[in-house]
Amino acid sequence: MTEYPMSPNSTPLLGQMMDQPLLVSSIIAFAARHYGANEIVSRRVEGDIHRYTYRDCEVRARRMAQALAGLGVKPGDRVATLAWNGYRHLELYYAVSGSGAVLHTINPRLHPEQIAYIVNHAEGQYLFFDMTFLPAIEAMARQCKTIKGYVAMCDRAQMPKDTNIPMLLCYEDLIASSSGEYAWPQFDERSAAALCYTSGTTGNPKGALYSHRSTVLHAYASGMPNALNVSASDVVLPVVPMFHVNAWGLPYSAPLAGAKMVFPGPALDGKSLYELFEAEGVTFSAGVPTVWLGLINYLVENDLRFSTFRRTVIGGSACPPAMMDTLIDRFGVQVVHAWGMTEMSPLGTSCTLMAKHRALPTGEQRAILRKQGHAIYGVDMKIVDDDGSELPWDGTTYGHLLVKGPWVVSGYFKSEGGEVLQDGWFPTGDVATIDPDGYLAITDRSKDVIKSGGEWIGSIDLENIAMAHPSVLQAACIGVAHPKWAERPLLVVVRRPGLAVSREELLAWFEGKVAKWWIPDDIVFTDALPVGGTGKIQKNKLREAYQGHRLPTA
Ligand code: ADP
C-alpha cells in the first residue's frame with residue numbers, strides 16, 4: 001500500500017465527508033433506485049428478445065449473489081463466465097463482484113486448451129456458460145482442475161440432456177432457490193472485482209486484476225462528455241463483447257448513467273445488429289473496426305439508413321479513416337476514436353474536438369478526429385526514446401508510449417511476467433506521437449513497426465491509405481526481410497467483392513500521400529486476413545505466412 005508523506009509534528013486535518021467505499025454493487029443499486037424503470041433488452045441465445053428493467057436486474061443479481069454464497073463462494077474466489085452480451089451476463093457482473101468474489105470473463109473464441117489454461121491459472125471455482133459454448137465446456141471440463149461446478153445460463157427446460165459435464169447446475173434454478181434477502185456487503189474498495197486475461201499473442205496470457213475502486217473510477221471517467229459521453233437519454237448497445245475487457249466498461253458506465261441497454265447476444269452480423277438498432281432506438285454503440293465493416297456493408301448493400309443511431313466509439317485497433325468518413329458523411333453517425341488496452345480497464349484516450357476546433361474546415365477537423373485522442377482525466381501518458389528519456393509533444397516525434405493512473409495495472413495476476421512498471425509507468429508496447437494539444441496518435445505496436453534502414457515506418461498509416469482506395473476492403477502491412485534495408489513494407493490486401501485493382505494501380509495510389517521511402521515494396525492480394533479472438537488482424541500470422549516473400553529488387 002502507498003505510504004503518503006505527512007508534515008512533521010502534525011496530524012493531517014481530514015475532510016469530513018462520508019467514507020463510502022467505491023464498490024461495483026453501488027452502481028446497480030443506484031440504477032435500480034434512481035432509474036429503476038429503464039430497460040435492459042437482450043437478444044437471447046435462443047433467438048428471442050428478453051426485456052426487463054434495472055429494478056428487475058438488481059433483484060436477480062442479489063439473488064444470484066446469495067446463491068453463490070450458498071455454493072460456498074467466498075470473497076476473492078474467482079467465478080468464470082463464458083458468455084455473450086446479455087442480461088444474465090450483466091447480472092453476473094454485479095452478483096459475482098458485488099458479493100466480493102472476482103468475475104473472470106473468458107473469451108470463448110480462444111481454443112479450449114487456452115481456456116483451460118486460463119481457468120486453471122485463475123483457479124476458478126465455478127464456470128457460468130451460455131449454451132452456445134456447451135461443446136467447448138465438454139471438450140475442456142476434465143482439464144479444469146479447480147472448478148466445482150458448471151452453471152448453464154438457461155432455465156430448467158433448456159438444460160442439456162446427454163452431456164458428460166460433471167457437476168452441472170441450472171442458472172434459473174439458482175435464482176429461484178434464493179429468497180432475495182441479501183444486502184450488498186460493504187468492504188475495502190481496493191478488493192479485486194474482475195479478472196481479464198490479455199490475448200497473449202506472445203507467451204502465455206496474463207491476467208489484469210481490476211479492483212472495485214479502479215472499476216468505479218473508470219466507469220465515472222469513461223462516461224464523461226470528452227470520453228464516451230453516456231447519459232440517461234442514450235440507448236446503449238455494446239457490440240464489444242463483455243468477455244473482452246468488460247465491454248469497455250459499458251456494463252458499468254451505462255447503468256451509472258441510467259441509460260437503457262440493449263444486448264445483441266450472439267447475433268453480431270450486419271442484418272441482426274441493424275434490426276436491433278432500429279427496433280430498440282439505439283443511439284450509441286461501441287466496437288472494433290471489423291464489426292463495423294459488417295454492419296456498414298449490410299446498410300450499403302441494402303441502401304438503408306439509421307433512424308436513431310447517432311454516435312459510436314471505435315477502438316481496439318485503428319479506425320480506418322475511410323470507415324470514419326462513411327459513418328459520418330453517409331450515415332450521420334459521430335465517430336469517437338478511442339484507444340486503450342486490457343491493462344487499462346481499458347480506456348486511455350478518446351478523440352473529440354475542442355472549442356477552438358469548431359471553426360476549422362471539415363478536412364482539418366477530420367485529421368484531428370482520426371487520431372486516437374486526448375487522455376481522459378485519471379490517465380497520464382508520455383512518450384520516451386529507447387533510453388527512457390521523455391520526448392516532445394510536437395505531433396511528429398514518435399516514441400514508446402507509457403501510461404499511469406488509478407485504473408492501470410501495477411503488475412499482472414500472480415506476478416506473471418515479474419515487475420512490469422518502469423519508474424511507476426506502465427509500458428504499453430505501443431509507439432505513438434503526441435501533439436501540442438495533447439492528442440495521441442498511435443503509429444504502431446512496437447512489435448509491428450517496420451524497421452527500414454534504421455528508421456521506423458508506421459504500418460497503420462500505410463493501411464489507412466490503402467483502405468481509402470474504393471476497391472480495397474481490408475489491408476495489413478508487415479515488414480519482410482530485405483538484404484539492404486533490413487525490412488521493407490509488404491502490403492497484404494483483400495479487395496472488395498466484385499471490384500478490381502492491380503498491384504501497380506495500388507502502388508501508384510500511395511504516391512504523394514506518404515514519403516517515397518514509406519511506399520510498400522510489394523502488394524499481395526488474398527481472400528481474407530487472419531483475425532484473432534478479439535477481432536484484430538493477427539500480424540504475427542501474416543509475418544509467418546509471408547516470411548519467405550521475395551520483394552522485387554528493382
Ligand atoms: P490484446 O489485443 O493483446 O488482448 P488489448 O485488446 O488490450 O490487447 O489491445 C490493446 C492494444 O490494441 C493496444 O496496445 C493497441 O496496440 C491496440 N489498440 C487499441 N485501440 C487502438 C486504436 N484506436 N488504434 C490503434 N491501436 C489500438
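Residue indices begin at 1 and follow the sequence shown. Order of listing sets the numbers, starting from 1, for every ligand and every atom in it.
Each of the atoms 4 (O), 6 (O) of ligand 1 lies under 4.0 Å from some heavy atom of H244. Every atom of ligand 1 with a heavy atom of W339 under 4.0 Å away is listed here by number and element: 13 (C), 15 (C), 18 (N), 19 (C), 20 (N), 21 (C), 27 (C). The ligand atoms of ligand 1 that sit less than 4.0 angstrom from a heavy atom of A338 are 20 (N), 22 (C), 23 (N). Shown in contact with G316 at under 4.0 Å from a heavy atom are these atoms of ligand 1, numbered in order with element: 12 (O), 17 (C), 18 (N), 19 (C), 20 (N), 21 (C), 27 (C).
For ligand 1, the polar-atom distance check against H337 finds a nitrogen or oxygen pair separated by under 3.5 Å. Considering backbone and side-chain N/O atoms, T342 comes within less than 3.5 Å of an N/O atom of ligand 1. Residue I460 has no nitrogen or oxygen atom sitting less than 3.5 Å from a nitrogen or oxygen atom of ligand 1, judged on distance alone.
Here D430 has side-chain heavy atoms under 4.0 Å from ligand 1, and that is the only part of it that gets that close. Here C319 has no heavy atoms under 4.0 Å from ligand 1, in either its backbone or its side chain.
The main-chain N or O of W84 is found under 3.5 Å from a side-chain atom of H89 such that the two form a donor-acceptor pair. R78 contributes a side-chain N or O that, together with a main-chain N or O of A122, makes up a donor-acceptor pair within less than 3.5 Å. Between the side chain of Q365 and the backbone N or O of R358, at least one donor-acceptor pair lies under 3.5 Å.
Within the set G373, G315, S317, the minimum heavy-atom distance to atom 26 (N) of ligand 1 is found for S317. The closest heavy-atom contact to atom 8 (O) of ligand 1, among the options E343, M341, R445, comes from R445. Of the candidates R370, M344, K447, Q372, Q372 brings a heavy atom nearest to atom 24 (N) of ligand 1.
Ring-plane geometry between Y298 and Y274 is classed as tilted, the angle between the planes lying from 30 to 60 degrees on a 0 to 90 degree scale. A perpendicular orientation is assigned to the rings of F306 and F331, their planes being inclined by more than 60° (bins at 30° and 60°). Between Y93 and Y252, the ring planes lie tilted relative to each other; the angle falls in the 30° to 60° range.
Because its NZ or CZ atom is not both nearer than 6.0 Å to the ring centre of F263 and within 45° of the ring axis, R43 does not count as a cation-pi partner of that residue.
Using a non-hydrogen distance threshold of 4.0 Å, P346 does not register as a contact of ligand 1.
Two rings, from W407 and Y210, have their centers 6.0 Å or more apart. Checked against a 6.0 Å centroid threshold, the rings of F284 and F309 do not count as neighbours.
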